[in-house]
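In what follows, a structure is listed as structure tokens, so that the remarks can point back to it.
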Amino acid sequence: MGALGFLYSGLYPIGADTPHNALTYWGLETLRERSIARASADLKVPALDDPDMLLAGGADYNDMCATCHLKPGKTTSDMAQGLYPKPPNLSKPASQQAPLTKDLAEGAAARQFWIIKHGIKASAMPAWGPTHDDARIWAMVAFLQKLPTLTADQYQILTAREGGQPMDHEGMDMRAAAPAAGATAPASSDGAKGANEPTAVVDQFQKALSTGDTATAATLLDPEVKIFESGGIERSKAEYASHHLASDAAFLKTATLALQSRTGDAVGDLAWVGSESRITASVKNKPVDLISTETMVLKKTPQGWRIVHIHWSSRPNKTS
């Protein structure tokens, strides 16, 4: 009767800006951790090192989670400051995110999957299961395994959403630039640590396109490569080879290309290389002057580094 009277009295401070007392906080936190551990104990964790999962999960994390759980280079947000309990900063090193029960890596992944799918009562953590299937949720879990190791630039590259609207020039299919023959790439602004071999593959691919060697260019693409350009997407090497490969090579053979800047990095068996170039050409007797950007994601395979993702976009050069 005393407990019921306390509940009805309204004396307990329920505002999110007043923390629980130590006993209440311990009880709720212990209940949460034990409940999640029991519910996720039998989950089977799939392989989480698929680059396509990483890219898809990164885009979803950026859209759905980063406002509360933050991203590299951000230490807080208005939403995170206003929530109680405070949402964890998932971009921090994994050692600083350990739950009460020290789980193995597979157990931690299962825990993350369960939380994303089912949410947590009275914590502002929603259940994404009703609107996202298991494959999409596992992709977010795959991204979470890499998130604590990413820089702000790497995060931006890996969370680019499919179906963006890069600019082209008068509706033409303008792809990003390859270095002109004999050109020397400027040094990367971040040193491109760990990205030497992937960068060489990118240069080899670009050189093959600019010389019309489409066969060599195709060998450097993963069979399931995804290529984004002008709001569209080609979803495999075979699709690209039967559509834009030949026209890309034909255009680049006639263009003058100048690499302006490049950055990149590698984490384990994944790497990314970003380039900005200037393209000048004449198309239908009209001068074309473009600033073109290119992002490539590569995966290390038994055959060497292969390109699994390309994002090309361009805009008119307004400084010329």
Side-chain angles (χ1 to χ4, degrees), residues 1-45 48 56-72 74-148 155 159:
M1 291 296 293
L4 188 63
F6 178 75
L7 291 176
Y8 272 90
S9 72
L11 291 174
Y12 191 86
I14 204 66
D17 54 351
T18 302
H20 290 303
N21 63 60
L23 180 61
T24 300
Y25 190 89
W26 173 86
L28 291 173
E29 190 173 48
T30 302
L31 173 66
R32 180 194 70 207
E33 293 302 324
R34 295 308 305 158
S35 177
I36 294 170
R38 181 198 62 78
S40 63
D42 296 328
L43 287 174
K44 303 299 182 186
V45 179
L48 299 176
D60 275 344
Y61 177 89
N62 191 55
D63 288 349
M64 298 155 45
C65 313
T67 300
C68 294
H69 294 290
L70 306 177
K71 56 187 177 182
K74 293 226 23 164
T75 58
T76 190
S77 69
D78 289 347
M79 181 71 77
Q81 288 187 72
L83 291 174
Y84 185 80
K86 194 175 183 65
N89 180 350
L90 297 181
S91 68
K92 292 170 62 177
S95 61
Q96 300 178 29
Q97 299 179 31
L100 291 180
T101 303
K102 301 283 186 180
D103 292 326
L104 298 175
E106 184 170 306
R111 178 180 185 273
Q112 291 169 343
F113 174 87
W114 192 94
I115 292 172
I116 295 170
K117 182 171 182 176
H118 299 284
I120 299 176
K121 291 182 176 72
S123 71
M125 175 63 202
W128 294 107
T131 55
H132 295 68
D133 60 26
D134 286 1
R136 194 169 175 185
I137 294 173
W138 279 122
M140 280 190 274
V141 174
F143 179 76
L144 288 177
Q145 311 313 300
K146 296 288 187 183
L147 178 58
Y155 176 90
T159 57

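Within a 6.0 Å sphere centred on CG of D133, heavy atoms belonging to other residues, nucleotides or ligands number more than 12.
Atom CE in M79 sits 11.5 Å away from atom CG in L70 (nearest 0.5 Å). One finds the NZ atom of K146 at 10.0 Å from the CG atom of L48 (value rounded to the nearest 0.5 Å). Residue N89 holds its CG atom at 8.0 Å from OG1 of T75, rounded to the nearest 0.5 Å. Here R136 contributes atom CZ and M64 contributes atom CE; the two are 6.5 Å apart, rounded to the nearest 0.5 Å. Rounded to the nearest 0.5 angstrom, D134 CG and I116 CD1 are separated by 11.0 Å. Interatomic distance, K121 NZ to S35 OG, rounded to the nearest 0.5 Å: 7.5 Å.
Ring-plane geometry between H132 and W128 is classed as perpendicular, the angle between the planes exceeding 60 degrees on a 0 to 90 degree scale with a lower cut at 30. Using cut-offs of 30° and 60° for the angle between ring planes, the F6 and Y12 rings count as perpendicular.
Y155 places no side-chain N or O within donor-acceptor distance of the main-chain N or O of G58, the cut-off being under 3.5 Å. Between the side chain of S77 and the main chain of T67, a donor-acceptor pair closer than 3.5 Å is present. A donor-acceptor pair under 3.5 Å is formed between the side chain of H69 and the backbone N or O of P88.
Annotation for S91 and P72: closest pair CB-N, 3.8 Å, computed over non-hydrogen atoms. Shortest non-hydrogen contact noted between G119 and W114 is O-CZ3, 3.7 Å. Scanning both residues, V141 and A109, for their nearest heavy atoms gives CG1-O, 3.7 Å. Residue P85 comes nearest to A122 through the heavy atom pair CD-O, 4.3 Å, listed as atom of the first residue, atom of the second, then distance. Taking all atoms of both residues into account, the shortest heavy-atom contact from T76 to K74 is O-CE, 3.4 Å. Between C68 and L83, the shortest heavy-atom distance links the atoms SG-CD1, 3.7 Å.
Between M140 and K117 the shortest side-chain heavy-atom distance does not fall below 4.5 Å. Proximity of Y84 to H20: side-chain heavy atoms (C-beta onward) are separated by under 4.5 Å at one or more points. Counting heavy atoms from C-beta on, the side chains of Y61 and L144 come closer than 4.5 Å. Residues V45 and F113 have side chains not in contact (no heavy-atom distance under 4.5 Å, counting atoms from C-beta outward).
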